[in-house]
Amino acid sequence: MEQHIMTGTGAGIDDDRRAVVLDGSQLTLEAVRLVAAEGYRVEIDEAAAQRVERGYELLGELANQGIPIYGLNRGVGLNKDQEVSAAEQEAFNRNLIYSHAAGVGPYASDIQARAVLLVRLNTMLVGSSGVQLAVPLLYKDMLNAGISPLIPLSGSVGAADIALLSHIGLAVLGEGEVSFRGERIAAAQALADAGLAPVKLMRKDALAIVSSNALSVGTGALALGELKRLLHSADAVLAFSLEAIEGTVSPLDEAVHRLLPFRGAAESAANVRQYLAGGTLTAATGSCKLQDPLSFRSACHVHGAARDAIAYAESLLHIHMNGAEDNPCLVLDEERLVASSSFDITSWTLAMEMVGIAMSHVSKVTSHRSLRLGSPVFTGLNRFLSPAAGTIAFGTMQKTIASLDAEIRGLSQPVSADYLPLAGDMEDHANQTPLVVRKIGDITERLYYLLGMEAMHAAQAIDLRGTHDALGQGTALIYQSIRNVIPMLKADRPLSRDIEEAARRVRAGFAL
């Protein structure tokens with residue numbers, strides 16, 4: 001079995017050792033990405049491990065005093081009035097996992113599953129779960145061994161992801177299936193192959209496993225991180241389109257953003273200026289156009305609004321993935337157990353819905369810029385950027401743009417208020433958070449296509465103008481990146497492959 005390394009160095013990212021040290025209080029979006037997507041190893045801070053052990057001990061002490069404890073010596077849900085004897089604890093824990101494993105597909109990707117494991121591991125380290133140390137240790141060992149439980153994504157209403165996280169509980173028991181070394185195999189076999197063993201669940205271990213919003217938080221952390229990267233690419237493509245339309249750059253002026261200091265808008269404007277630097281567009285002293293369409297002129301404010309929304313959501317998500325989300329919740333320094341509603345995540349669910357709405361605005365201005373780039377009124381070039389009379393060029397692509405933008409608009413619609421009272425009307429509030437997060441992921445995928453198509457339009461316009469030498473240092477890199485995989489359109493051809501390639505380039509980013 002893998003040695004359980006405990007460090008006393010505190011929590012953080014160690015790039016030299018490709019490791020993330022967890023202490024229950026300093027997990028970040030970047031750390032989630034590094035562990036989930038880049039394969040960084042996980043270690044547990046020694047003080048955090050000691051908190052978990054003390055929580056388990058305290059829970060036992062309280063139970064021995066005869067105090068009714070939800071999920072330990074009492075049932076859960078409407079069965080909270082049923083007593084559970086000490087002799088029944090192991091069977092109760094096992095049956096709690098079994099009865100709550102009710103999720104359905106689609107299933108989380110390995111990257112998503114790793115993020116979910118990591119987030120719940122970190123919140124357990126706060127010490128308020130009352131879970132035995134063997135559980136977070138197995139989470140750590142599964143992450144380091146590359147064992148990803150098969151976690152369905154449908155079945156949670158956002159008031160703790162109990163029907164989904166129970167599938168992790170199956171893996172902890174050595175049951176169910178996992179993804180391991182590229183294959184879907186029995187959890188028992190994967191644990192054995194990795195030199196690990198299932199855990200015998202006792203006290204309120206099973207409740208600690210299922211009573212968490214880790215699926216929502218883990219997938220939400222990945223979604224926000226991806227959107228931050230997308231917005232940087234959106235700024236780059238905006239700069240490229242400004243070159244293509246020979247647009248005005250006065251809305252990028254640092255002074256106007258200093259006088260109205262919205263942080264997100266200022267950051268986007270700075271990014272666009274950096275991509276345009278060294279080109280003739282920024283060197284121009286005047287423009288007879290005076291003003292471009294708002295999809296160009298106000299784009300940094302729209303991108304910036306999305307940045308501000310993401311920053312707000314991230315600040316709330318950071319609180320959750322570094323806090324105690326359990327019900328009931330142990331207060332270690334006061335040696336007491338408190339029934340709580342910490343599973344209610346309305347605050348950051350609403351923030352995530354705001355992010356979805358903000359990204360629909362990004363979609364709209366991106367789509368409008370592509371349409372403007374196809375119009376001779378704004379470019380002075382042939383309609384649809386055709387290279388010669390008789391070619392349709394990018395005309396039909398407008399339908400793809402309109403279709404994707406409509407899908408994004410639909411996906412941005414709020415759903416957090418769409419819930420039903422459950423559990424005998426005891427659970428009469430929820431947030432649909434997994435669905436909120438999943439929609440953001442779907443928006444992101446479609447936006448990469450839209451930005452890719454915008455980049456295709458900009459590259460074609462620059463080719464038709466013959467202004468390659470006038471590009472900024474950053475926009476020249478974008479042009480070359482696109483043209484490395486997509487040749488100039490000189491005659492009509494099928495465009496689906498080009499669109500796929502452009503989306504891949506945007507997803508990869510345009511590093512200066």
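A distance of 6.0 Å or more separates the ring centres of H100 and H167.
Nearest heavy-atom pair across A306 and A358 is CA-CB, 3.7 Å. Closest approach of L27 and M321 over heavy atoms only: O-CE, 3.4 Å. Residue S363 comes nearest to L447 through the heavy atom pair CA-CD2, 3.6 Å, listed as atom of the first residue, atom of the second, then distance. Heavy-atom minimum distance, D161 versus S156: OD1-OG, 2.6 Å. When all heavy atoms are compared, the tightest approach of I151 to L164 is CG2-O, 3.7 Å. The nearest pair of heavy atoms linking Y139 to I168 is OH-CG2, 3.5 Å.
Listed for the Q89 side chain is no donor-acceptor partner under 3.5 Å among the backbone atoms of M202. Proximity of a side-chain donor or acceptor of S298 to a complementary backbone N or O of S295 within less than 3.5 Å is not detected. In terms of modelled atom types and a separation under 3.5 Å, the side chain of E335 and the main chain of L332 share no donor-acceptor contact. Between the side chain of D405 and the main chain of I401, no donor-acceptor pair closer than 3.5 Å is present. With hydrogens and angles disregarded, a donor-acceptor distance shorter than 3.5 Å links the side chain of S166 to the backbone of A163. A donor-acceptor pair under 3.5 Å links the side-chain atoms of T28 to the main chain of A31, judged by distance alone. In terms of modelled atom types and a separation under 3.5 Å, the side chain of D110 and the main chain of S148 share no donor-acceptor contact. At least one donor-acceptor pair closer than 3.5 Å links the side chain of R114 to the backbone N or O of V35. Formation of a donor-acceptor pair under 3.5 Å by the N213 side chain with backbone atoms of A160 is found in this model. Of the possible polar contacts, one joining the N93 side chain to the R203 backbone as a donor-acceptor pair under 3.5 Å is found.
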(message) Apply side-chain contact (heavy atoms from CB on, under 4.5 Å) to residues M354 and Y312 and explain how you reach the verdict.
(response) CA-CA 10 Å; M354 178 173 64; Y312 176 60; 3.4 Å; yes
(request) Apply the test salt bridge (charged side-chain N to carboxylate O under 4.0 Å, His left out) to residues D14 and R17: give CA-CA distance (whole Å), side-chain angles for both, the deciding distance (0.1 Å), then the verdict. (result) CA-CA 6 Å; D14 188 332; R17 295 189 300 115; 2.9 Å; yes
(request) Determine, step by step, whether D141 and I147 satisfy the side-chain contact (heavy atoms from CB on, under 4.5 Å) criterion, reporting the C-alpha distance in whole Å, the side-chain angles of both residues, the deciding distance to 0.1 Å, and the verdict. (result) CA-CA 8 Å; D141 290 342; I147 298 174; over 6 Å; no
(message) Before you tell me yes or no, could you show the steps for V21 and I44 under side-chain contact (heavy atoms from CB on, under 4.5 Å), namely the whole-Å CA-CA distance, both residues' side-chain angles and the distance that decides it to 0.1 Å?
(response) CA-CA 6 Å; V21 184; I44 297 175; over 6 Å; no
(message) Run the ring pair (Phe, Tyr, Trp, His ring centres under 6.0 Å) test on H232 and H303 for me, step by step, so that the C-alpha distance in whole Å, both residues' side-chain angles and the decisive distance to 0.1 Å come before the verdict.
(response) CA-CA 9 Å; H232 193 87; H303 293 189; over 10 Å; no
(request) Could you check Y449 against E500 for side chain to side chain donor-acceptor pair (under 3.5 Å), going step by step and ending with a plain yes or no? (result) CA-CA 7 Å; Y449 280 116; E500 293 284 353; 2.9 Å; yes
(request) Test K228 against I310 for side-chain contact (heavy atoms from CB on, under 4.5 Å), laying out the working first. (result) CA-CA 8 Å; K228 290 169 74 173; I310 289 169; 3.7 Å; yes
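For the pair I162 and F343, the minimum side-chain heavy-atom distance is 4.5 Å or more. You'll find the side chain of Y275 stays beyond 4.5 Å of the side chain of D235, heavy atoms only. Between M453 and L450 there is a side-chain heavy-atom pair separated by less than 4.5 Å. Contact of the L337 side chain with the I67 side chain is not registered, since no non-hydrogen atoms from C-beta on lie closer than 4.5 Å. The shortest side-chain heavy-atom distance between D418 and V415 falls under the 4.5 Å cut-off. Using a 4.5 Å heavy-atom cutoff, the side chains of S360 and Q413 are not in contact. Proximity of S416 to L350: side-chain heavy atoms (C-beta onward) are separated by under 4.5 Å at one or more points. Between V131 and P136 there is a side-chain heavy-atom pair separated by less than 4.5 Å.
With salt bridges taken as basic N to acidic carboxylate O contacts below 4.0 Å, one links E334 and R336. The pair D308-R263 does not meet the salt-bridge criterion, since no charged nitrogen lies less than 4.0 angstrom from a carboxylate oxygen. Between R507 and E226 there is a salt bridge, since a side-chain N of the basic residue sits under 4.0 Å from a carboxylate O of the acidic one. Between E43 and K140, none of the side-chain N atoms (NZ, or NE/NH1/NH2) sits under 4.0 Å from a carboxylate O, so this pair counts as no salt bridge. In this structure, E325 pairs ionically with R120, as a charged nitrogen and a carboxylate oxygen lie closer than 4.0 Å.
Here the CG-OG distance, from N327 to S212, works out to 12.0 Å after rounding to the nearest 0.5 Å. Rounding to the nearest 0.5 angstrom, the gap separating the CG atom in N322 from the CG atom in L125 is 10.0 Å. Considering CG of L435 and CD of E353, their distance stands at 8.5 Å, rounded to 0.5 Å. To the nearest 0.5 Å, the span separating OG1 on T346 from CG on L316 amounts to 11.5 Å. From L224, atom CG reaches atom NE2 of H318 across 12.5 Å, with rounding to the nearest 0.5 Å. In this structure, CG on L59 lies 10.0 Å from OG on S129, to the nearest 0.5 angstrom.
Judged purely by distance below 3.5 Å, without hydrogens or angles, the side chains of D15 and Y40 pair a donor atom with an acceptor atom. In summary, the side chains of R307 and S268 do present a donor paired with an acceptor at a separation below 3.5 Å, with no hydrogens or angles considered. Side-chain N/O atoms of E175 and Y98 include a donor and acceptor closer than 3.5 Å. Under the 3.5 Å distance criterion, with hydrogens and angles disregarded, a donor-acceptor pair is assigned to the side chains of S154 and R438. Using modelled atom types, one finds a donor on one side chain and an acceptor on the other under 3.5 Å when comparing D205 with Q132. D193 and Q189 form a side-chain donor-acceptor contact under 3.5 Å, judged by distance and modelled atom types alone.
Within 6.0 Å of CZ on R54 lie more than 12 heavy atoms contributed by other residues, nucleotides or ligands. Heavy-atom contacts from other residues, nucleotides or ligands closer than 6.0 Å to CZ of R18 number more than 12. No more than 12 heavy atoms of other residues, nucleotides or ligands sit less than 6.0 Å from atom CD of E254.
For the side chain to side chain contact (heavy atoms under 4.5 Å, CB included) criterion with S216, the lone passing option out of L317, T433, N431 is T433.
Relative to the six-membered ring of F510, R505 misses at least one condition, a distance below 6.0 Å or an angle of at most 45° to the axis.
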